[in-house]
Visitor: 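I have a structure here, written as structure tokens, and I will follow up with some questions on it.
Below, all heavy atoms of this structure are taken into account, side chains as well, without hydrogens, waters or symmetry copies.
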Amino acid sequence: MGDSVILDIAGVNKRFGGLQALCGVSVRVYQGQIYGLIGPNGAGKTTFFNVITGLYQPDSGTFALAGKSYSPSAPHEVAKAGIARTFQNIRLFGEMTALENVMVGRHVRTHQGILGAILRHRAAREEEAAIRKRAMELLEFVGIARLADRTARFLSYGDQRRLEIARALATDPQLLALDEPAAGMNATEKLALRDLLEKIRGVGKTILLIEHDVKLVMGLCDRITVLDYGKPIAEGSPAEVQKNPAVIEAYLGGSH
């Protein structure tokens, strides 16, 4: 794990009418970490993800990625800046193949543009071949290269999750933001997911993770922030968070 800060978010506030969805949320994630964001239902976790990735506009806050300020103004701009995300509900292109889905993710880093795609000149053809090659490498990395030509909607649930992660990795992100990647998975799929996330960390990628499976989070994450009613109530290592009285109360509904 490196000493450089990849994501530095401070003082994020977001209100929807009379509801204060986020109140003073700050997160600092270092290179090579798997950083967890947990909390009870309605704690504001997905709202925070939607803010930092440009789906929601914050009321206030500062945003920096790898030491450079960025504006979470639109999802495609955030992707170009270097944050790739997945969603709790799988959002693949169901009628496209697995390979084509990953290639779509890679196009955020292309240079030839629409005109090049239409004219099909040499530079465009070479770039397209490079995109295809990289997409196949990523399918191999996540363990589903054998399914490259399979239509995405016919993949198993676990393989669709892997495909989503491969597509996100295709953007060459500095930060991979995963919104409940284990949702709907059985025990075997969760173990495979844990292995994959550790593999991603092993090649130097940094992960910000929302997850309801507390056991998975505690066994995987380096640091954790806990939200409750839109406010941070704890931050620290898994061991520190597990014994924090405010966290116990938030999850169990009383003093324990």
Visitor: What are the two closest non-hydrogen atoms of A64 and I9, and how far apart are they?
Guide: N-CD1, 4.3 Å
Visitor: Within the 4.5 Å heavy-atom criterion, are I144 and L147 side-chain neighbours or not?
Guide: yes
Visitor: Hey, are the side chains of M218 and V241 touching, using non-hydrogen atoms and a 4.5 Å cut-off?
Guide: yes
Visitor: Would you say the side-chain atoms of K45 pair up with the backbone N or O of G39, donor to acceptor, closer than 3.5 Å?
Guide: yes
Visitor: To the nearest 0.5 angstrom, please state how far the CG atom of N244 sits from the CD1 atom of I233.
Guide: 7.0 Å
Visitor: Taking only residues two or more places apart in sequence, or in another chain, which ones meet S60 in a side chain to side chain donor-acceptor pair (under 3.5 Å)?
Guide: N13
Visitor: Does a side-chain heavy-atom distance below 4.5 Å link C23 with K231?
Guide: yes
Visitor: Considering all heavy atoms of both residues, which atom of I52 and which atom of V78 are nearest to each other, and what is their separation?
Guide: O-CG1, 3.7 Å
Visitor: Check whether any side-chain heavy atom of V247 sits under 4.5 Å from a side-chain heavy atom of E240, and report yes or no.
Guide: no
Visitor: Going by an N to O cut-off under 4.0 Å, is there a salt bridge joining E128 and R132?
Guide: no
Visitor: Where is the tightest heavy-atom contact between A168 and P173, given as atom of each residue plus distance?
Guide: O-CD, 3.6 Å
Visitor: Are V142 and L163 packed together at the side-chain level, in the sense that at least one heavy-atom pair is separated by less than 4.5 angstrom?
Guide: no
Visitor: Okay, side chain of E249, backbone of A246: is any donor-acceptor separation there less than 3.5 Å?
Guide: no
Visitor: Checking the side chain of D59 only, and the main-chain atoms of R15 only, is there a donor and an acceptor separated by less than 3.5 Å?
Guide: yes
Visitor: Taking K199 for its side chain and F141 for its backbone only, find out whether a donor-acceptor pair lies under 3.5 Å.
Guide: yes
Visitor: Verify, without hydrogens or angle tests, whether S26 (side chain) and G11 (backbone) share a donor-acceptor contact under 3.5 angstrom.
Guide: yes
Visitor: Minimum heavy-atom separation for G219 to R194, with atom names?
Guide: O-NH2, 2.9 Å
Visitor: Please check: side-chain N/O of E77 versus main-chain N/O of A74, any donor-acceptor pairing under 3.5 Å?
Guide: no
Visitor: Taking side chain to side chain donor-acceptor pair (under 3.5 Å) as the cut-off, I'd like each qualifying pair that reaches into residues 203-212, sequence neighbours left out, listed once.
Guide: N41-H212, E180-H212
Visitor: Drop me the distance from E189's CD to L196's CG, to the nearest 0.5 angstrom.
Guide: 12.5 Å
Visitor: Side-chain contact test, heavy atoms from C-beta onward, threshold under 4.5 Å: evaluate it for L37 versus L209 and give yes or no.
Guide: no
Visitor: Test of understanding: with side chain to side chain donor-acceptor pair (under 3.5 Å), list the residues that count as partners of D228, not counting sequence neighbours.
Guide: none
Visitor: State whether the side chain of Q174 and the backbone N or O of I6 hold a donor-acceptor pair below 3.5 Å, judged by distance alone.
Guide: no
Visitor: Please, which pairs that meet ring-ring contact (aromatic ring centres under 6.0 Å, His included) have at least one residue in residues 47-75, sequence neighbours excluded?
Guide: F16-Y56, F63-Y70
Visitor: So does L220 get a backbone contact from the side chain of E198, meaning a donor-acceptor N/O pair under 3.5 Å?
Guide: no
Visitor: What do you reckon, is NZ of K190 surrounded by more than 12 foreign heavy atoms closer than 6.0 Å?
Guide: yes
Visitor: Should F87 and L55 be marked as a side chain to side chain contact (heavy atoms under 4.5 Å, CB included) after you check the CA-CA gap, both sets of side-chain angles, and the distance that decides it?
Guide: CA-CA 12 Å; F87 293 84; L55 285 173; 3.6 Å; yes
Visitor: Rounded to the nearest 0.5 Å, what separation is found between the CG atom of L197 and the CG atom of L178?
Guide: 6.0 Å
Visitor: Any pair with a residue in residues 145-158 that passes side chain to side chain donor-acceptor pair (under 3.5 Å), sequence neighbours left out, goes on the list, sorted by first then second residue, please.
Guide: E95-R153, S156-D159, Y157-R161
Visitor: Taking all non-hydrogen atoms of both residues into account, name the closest pair between V51 and P72 and its distance.
Guide: O-CB, 3.2 Å
Visitor: Verify side chain to side chain contact (heavy atoms under 4.5 Å, CB included) between Q33 and I207, making sure each step is shown before the conclusion.
Guide: CA-CA 6 Å; Q33 279 187 331; I207 299 172; over 6 Å; no
Visitor: Supply the atom-to-atom distance D213 CG to L193 CG, rounded to the nearest 0.5 angstrom.
Guide: 9.5 Å
Visitor: Is there side-chain contact between V217 and P238, with heavy atoms separated by less than 4.5 Å?
Guide: no
Visitor: Between V102 and M136, does a side chain to side chain contact (heavy atoms under 4.5 Å, CB included) hold up when you go through it step by step?
Guide: CA-CA 8 Å; V102 182; M136 279 301 303; over 6 Å; no
Visitor: If we only count heavy atoms from C-beta on, is the L169 to I165 side-chain gap below 4.5 Å?
Guide: yes
Visitor: Search all heavy atoms of N101 against all heavy atoms of A152 and return the closest pair with its distance.
Guide: ND2-CB, 3.6 Å
Visitor: With a sphere of 6.0 Å drawn around OH of Y229, does it hold more than 12 non-hydrogen atoms of other residues, nucleotides or ligands?
Guide: no
Visitor: Side chain to side chain donor-acceptor pair (under 3.5 Å) with E235: which residues, sequence neighbours excluded?
Guide: Y35, R223
Visitor: Give, for atom CG of L208 and atom CD1 of I34, the distance between the pair rounded to the nearest 0.5 Å.
Guide: 11.0 Å
Visitor: How many angstroms lie between CG in L7 and CG in L175, if you round to the nearest 0.5 Å?
Guide: 5.5 Å
Visitor: Is the side chain of D179 donor-acceptor paired with the backbone N or O of I210 at a distance under 3.5 Å, no angle test?
Guide: no
Visitor: Begin with the C-alpha distance, continue with both residues' side-chain angles, and end with the deciding distance and a verdict on salt bridge (Lys or Arg N to Asp or Glu O under 4.0 Å) for D8 and R28.
Guide: CA-CA 5 Å; D8 196 358; R28 178 173 288 178; 3.2 Å; yes
